[in-house]
Enquirer: 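Before we start, here is the structure in question, set down as structure tokens.
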Amino acid sequence: MPDARRALILERFGHLADVTYCDFEPDLTRRYAEADLVVSMAGYNTVCELLSFGRRAILVPRENPVREQLIRARLLAGLGAFTVVEPGELTPQLLIGKVLEALQQEPVAPPPIDLGGLPRIRERARHLLNGKAS
């Protein structure tokens with residue numbers, strides 16, 4: 001974000017006692033663990049971390065240069081894991097409305113999503129390397 005834009009945002013909203021502004025956070029997992037709600041794009045690693053922490057999130061995926069984040073966000077929203085704001089519908093009013101709505105609701109348990117792919121990949125590779133196709 002350009003310095004002038006950041007300064008304008010801090011001037012306008014920097015006084016909010018319950019909001020923390022960070023220029024850079026090398027380990028977002030600590031922030032996720034502490035958060036009541038996360039607003040994020042829908043990158044693979046981010047979404048996996050949010051799922052593993054069981055955090056509520058509003059995903060604002062990008063759709064360019066590829067639609068991977070948009071597809072992921074829509075699928076996870078369809079499962080009830082997250083709320084998605086479509087890129088073409090994103091406005092400050094819509095986003096803050098979604099945030100306030102989510103914060104007023106009681107947290108619900110995220111739907112069970114199997115995050116055990118890595119052990120299955122290891123087992124499948126082990127079988128293939130041992131000449132056992134399954």
Side-chain angles (χ1 to χ4, degrees):
M1 177 181 296
D3 289 340
R5 176 112 188 217
R6 181 184 179 285
L8 182 63
I9 289 172
L10 287 173
E11 180 181 315
R12 186 168 177 197
F13 302 108
H15 66 280
L16 299 173
D18 59 345
V19 176
T20 302
Y21 293 88
C22 301
D23 288 322
F24 176 75
E25 183 68 50
D27 182 14
L28 285 173
T29 57
R30 181 178 64 87
R31 297 284 184 184
Y32 296 153
E34 298 170 347
D36 295 320
L37 178 71
V38 175
V39 177
S40 175
M41 294 174 70
Y44 178 80
N45 289 338
T46 299
V47 167
C48 287
E49 288 169 349
L50 292 170
L51 287 169
S52 68
F53 278 101
R55 287 296 173 245
R56 296 184 296 167
I58 297 172
L59 300 179
V60 185
R62 67 173 179 222
E63 59 184 338
N64 292 312
V66 295
R67 298 173 56 88
E68 165 226 350
Q69 286 194 13
L70 183 60
I71 293 166
R72 180 179 303 112
R74 285 177 178 167
L75 287 170
L76 290 168
L79 293 173
F82 302 118
T83 299
V84 66
V85 174
E86 296 284 333
E89 298 173 0
L90 179 62
T91 64
Q93 296 81 12
L94 177 66
L95 184 57
I96 194 64
K98 297 274 186 189
V99 167
L100 294 174
E101 179 183 320
L103 290 173
Q104 290 174 4
Q105 297 172 353
E106 287 295 318
V108 295
I113 295 178
D114 183 359
L115 298 176
L118 184 57
R120 281 193 300 283
I121 290 170
R122 280 191 214 127
E123 187 60 29
R124 179 77 173 131
R126 188 176 298 116
H127 283 298
L128 290 171
L129 292 172
N130 290 328
K132 302 175 188 173
S134 57

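Below, all heavy atoms of this structure are taken into account, side chains as well, without hydrogens, waters or symmetry copies. Note that the coordinates shown come from a computational prediction; the quantities given were computed from them, not determined experimentally.
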Enquirer: Say whether, by atom type as modelled, one donor and one acceptor occur between the side chain of E63 and the main chain of L70 under 3.5 angstrom.
Expert: no
Enquirer: Does any N or O in the side chain of R56 come within less than 3.5 Å of the main-chain N or O of L37, such that one atom is a donor and the other an acceptor?
Expert: no
Enquirer: Take atom CD of E34 as the centre, draw a 6.0 Å sphere, and report whether it contains more than 12 heavy atoms from other residues, nucleotides or ligands.
Expert: yes
Enquirer: Q69 side chain to P61 main-chain N or O, any donor-acceptor pair under 3.5 Å?
Expert: no
Enquirer: For residues L79 and V84: do they belong to one hydrophobic cluster (side chain heavy atoms under 4.5 Å, members Ile, Leu, Val, Met, Phe, Trp, Tyr)?
Expert: no
Enquirer: Tell me whether N64 contacts the main-chain N or O of V66 through its side chain, where contact means a donor paired with an acceptor under 3.5 Å.
Expert: no
Enquirer: If you round to the nearest 0.5 Å, how far is CE of M41 from CZ of R72?
Expert: 10.5 Å
Enquirer: Can you tell me how far apart OG (S52) and CD1 (I113) are? Round to the nearest 0.5 Å.
Expert: 11.5 Å
Enquirer: Are R62 and E68 within salt-bridge range, i.e. N to O under 4.0 Å?
Expert: no
Enquirer: Determine, using the 4.5 Å side-chain heavy-atom cutoff (strictly less than), whether V60 and I9 are members of one ILVMFWY cluster.
Expert: no
Enquirer: How many angstroms lie between atom CZ of R124 and atom CG of L129, to the nearest 0.5 angstrom?
Expert: 10.5 Å
Enquirer: For R120, is there an ion pair with E123 - N to carboxylate O distance below 4.0 angstrom?
Expert: no
Enquirer: Taking the side chain as every heavy atom from C-beta outward, state whether V85 and L59 have any atom pair closer than 4.5 Å.
Expert: no
Enquirer: So if you build clusters from Ile, Leu, Val, Met, Phe, Trp, Tyr with side-chain heavy-atom gaps below 4.5 Å, do Y32 and V47 land together?
Expert: yes
Enquirer: Any side-chain heavy atom of V38 sitting closer than 4.5 Å to one from I58?
Expert: no
Enquirer: Considering only heavy atoms from C-beta outward, does the side chain of R55 approach that of E49 to under 4.5 Å?
Expert: no
Enquirer: Mind checking the CG-CG spacing from N45 to L50? Nearest 0.5 Å is all I need.
Expert: 11.0 Å
Enquirer: Could you tell me which non-hydrogen atom of R31 sits nearest to which non-hydrogen atom of C22, and how far apart they are?
Expert: NH2-SG, 3.2 Å
Enquirer: Run the side-chain donor-acceptor check on residues 88-100: report pairs under 3.5 Å with partners two or more places apart or on a different chain.
Expert:
unit_1	atom_1	unit_2	atom_2	d
T91	OG1	L94	N	3.0

Enquirer: Would you check, one step at a time, whether the test side-chain contact (heavy atoms from CB on, under 4.5 Å) holds for R74 with R67?
Expert: CA-CA 11 Å; R74 285 177 178 167; R67 298 173 56 88; 3.5 Å; yes
Enquirer: Less than 4.5 Å apart, any side-chain heavy atom of E25 and any of L28?
Expert: yes
Enquirer: CZ/R30 to CG/D27 distance, rounded to the nearest 0.5 angstrom?
Expert: 7.5 Å
Enquirer: Side-chain contact, heavy-atom cut-off 4.5 Å: R6 with D23?
Expert: yes
Enquirer: Check whether more than 12 heavy atoms from other residues, nucleotides or ligands sit under 6.0 Å from atom OH of Y21, and answer yes or no.
Expert: yes
Enquirer: So if you build clusters from Ile, Leu, Val, Met, Phe, Trp, Tyr with side-chain heavy-atom gaps below 4.5 Å, do Y44 and I71 land together?
Expert: no
